[in-house]
Amino acid sequence: MKIAQFYDDDKIRLGLIRPEGLVSMDFNGDMIDFINMRELPEVKDRPIPINSVKLAPPVSRPSKIIAIGLNYKDHADESKGKLPEVPLIFAKFPNSITGPASEIVWDESVTKKVDFEAELAVVIGKETYNCTEAEAISCVFGYTCANDVSARDLQFGDGQWVRGKSLDTFCPIGPWIVTPDELGDPHSLRIQCFLNGWKMQDSNTGLIIFKVSALISFFSRHFTLMPGDIILTGTPHGVGAFREPPVYMKNGDEVSVEIEGIGRLTNTCRSVN
Ligand code: MG
């Protein structure tokens with residue numbers, strides 16, 4: 001199943017993505033309400049073309065976004081980072097969430113080094129504390145694409161990363177959630193990032209060091225995961241900051257994250273001041 005949130009005037013609604021288009025669901029609530037209900041509501045409407053609706057982020061109010069640094073060996077190498085022995089966790093505040101086709105916005109007087117990071121995102125499906133790796137996969141509601149947008153000057157200037165990772169709009173996710181039964185193995189997917197159509201990242205989620213089940217089990221020994229929580233599983237090599245010369249995003253740029261079996265998440269950039 002592929003399931004999206006979309007805007008109907010100011011209201012968020014849920015829809016199933018099918019080959020023939022988006023079918024609106026007869027459900028009064030958002031994605032987290034839907035995850036908690038665990039029952040598929042009726043779909044009565046006829047499919048409409050996906051490009052005739054404005055998609056919202058597939059989860060709009062997660063209790064937390066947990067991100068992982070240096071979780072692909074190729075990216076750890078390019079950043080001259082030492083391979084972590086346990087997952088290197090940081091947080092992005094939920095205000096950073098934005099949806100497909102929306103803008104990534106920043107103030108030039110706050111940051112001048114805005115970078116992209118293509119990532120596989122996991123959406124948690126149930127309250128989870130202290131689970132084993134074997135139990136972890138049953139805690140997954142689904143997967144989506146994410147861009148872990150990063151203000152490198154703030155990230156590296158601060159010593160820890162929360163400020164540089166948490167600016168409003170710095171966590172685009174989407175275009176929809178794909179459930180595990182439809183996606184299959186989350187560790188055999190091509191993952192790419194394009195900037196203005198140029199391929200900047202091209203790797204495979206099979207190269208992830210701490211796999212999805214290991215991450216969920218590890219987190220759950222420290223804190224409770226809630227339905228709708230989002231895990232960003234790390235980015236592969238090719239980010240802008242470690243290129244020669246470095247590449248940062250500019251006003252008017254278009255950035256896309258594409259993951260095999262999920263889809264393509266595209267956002268435009270707008271800098272102010
Ligand atoms: Mg990242």
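All values derive from a computational prediction rather than experimental measurement. Position 1 is the first residue of the sequence, and the numbers go up from there.
Checked for salt-bridge contact, Arg61 and Asp33 meet the test: a charged N lies under 4.0 Å from a carboxylate O. The pair Asp8-Lys11 does not count as a salt bridge, with every side-chain nitrogen at least 4.0 angstrom from each carboxylate oxygen.
With Asn95 contributing its side chain and Ser166 its backbone, the two residues share a donor-acceptor pair below 3.5 Å. With hydrogens and angles disregarded, no donor-acceptor distance shorter than 3.5 Å links the side chain of Asp229 to the backbone of Leu225. Of the possible polar contacts, none joining the Asp74 side chain to the Pro236 backbone as a donor-acceptor pair under 3.5 Å is found. Using modelled atom types, one side-chain atom of Trp176 and one backbone atom of Ile262 make a donor-acceptor pair closer than 3.5 Å. Between the side chain of Ser79 and the backbone N or O of His75 there is at least one donor-acceptor pair closer than 3.5 Å. Checking side-chain atoms of Arg221 against main-chain N and O of Thr132 turns up no donor-acceptor pair under 3.5 Å.
Looking only at atom types and distance, the side chain of Lys165 has a donor-acceptor partner in the side chain of Ser150 under 3.5 Å away. Using modelled atom types and a 3.5 Å distance limit, the side chains of Thr266 and Glu254 yield no donor-acceptor pair. When only modelled atom types and interatomic distance are considered, Thr235 and Gln201 share a side-chain donor-acceptor pair under 3.5 Å. Asp153 and Thr111 share a donor-acceptor pair across their side chains, judged by distance under 3.5 Å alone.
Between Phe223 and Ile66, some side-chain heavy-atom pair lies under the 4.5 Å cut-off. Side-chain atoms of Thr268 and Val255, non-hydrogen and from C-beta on, never get closer than 4.5 Å to each other. With a 4.5 Å cut-off on side-chain heavy atoms, Thr224 and Glu127 count as touching. Side-chain atoms of Val257 and Glu119, non-hydrogen and from C-beta on, never get closer than 4.5 Å to each other. Counting heavy atoms from C-beta outward, Val123 and Tyr143 have side chains that stay 4.5 Å or more apart. With contacts defined as side-chain heavy-atom distances shorter than 4.5 Å, the pair Phe218/Glu133 does not qualify. Using a 4.5 Å heavy-atom threshold, the side chains of Val23 and Arg46 count as separate. Residues Ile191 and Glu258 are not in side-chain contact: their nearest non-hydrogen atoms beyond the backbone lie 4.5 Å or more apart.
Stacking of Arg264 on the aromatic ring of Phe194 is recorded, both the 6.0 Å distance cut-off and the 45° axial limit being met.
Applying the 6.0 Å contact sphere to CG of Asn130 captures more than 12 heavy atoms from other residues, nucleotides or ligands. Residue Phe242 qualifies as enclosed at atom CZ: its count of foreign heavy atoms under 6.0 Å is above 12. Around NZ of Lys73, the count of heavy atoms belonging to other residues, nucleotides or ligands within 6.0 Å does not exceed 12.
Under the 4.5 Å side-chain contact rule for hydrophobic residues, Ile97 and Ile177 share a cluster. Using a 4.5 Å cut-off between side-chain heavy atoms of Ile, Leu, Val, Met, Phe, Trp and Tyr, with links allowed through other members, Ile17 and Ile173 fall into different hydrophobic clusters. In terms of hydrophobic clustering, with Ile, Leu, Val, Met, Phe, Trp and Tyr side chains grouped at heavy-atom distances under 4.5 Å, Leu16 and Ile50 are assigned to different clusters. Leu189 is not connected to Ile230 by any chain of hydrophobic side-chain contacts under 4.5 Å among Ile, Leu, Val, Met, Phe, Trp and Tyr, and they are in different clusters.
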Could you please spell out the steps behind the side chain to side chain contact (heavy atoms under 4.5 Å, CB included) verdict for Tyr7 and Ile12? CA-CA 5 Å; Tyr7 296 104; Ile12 295 265; 3.7 Å; yes

Yes or no on salt bridge (Lys or Arg N to Asp or Glu O under 4.0 Å) for Arg152 and Glu117, after CA distance, side-chain angles and deciding distance? CA-CA 11 Å; Arg152 299 298 189 197; Glu117 295 190 354; 2.8 Å; yes

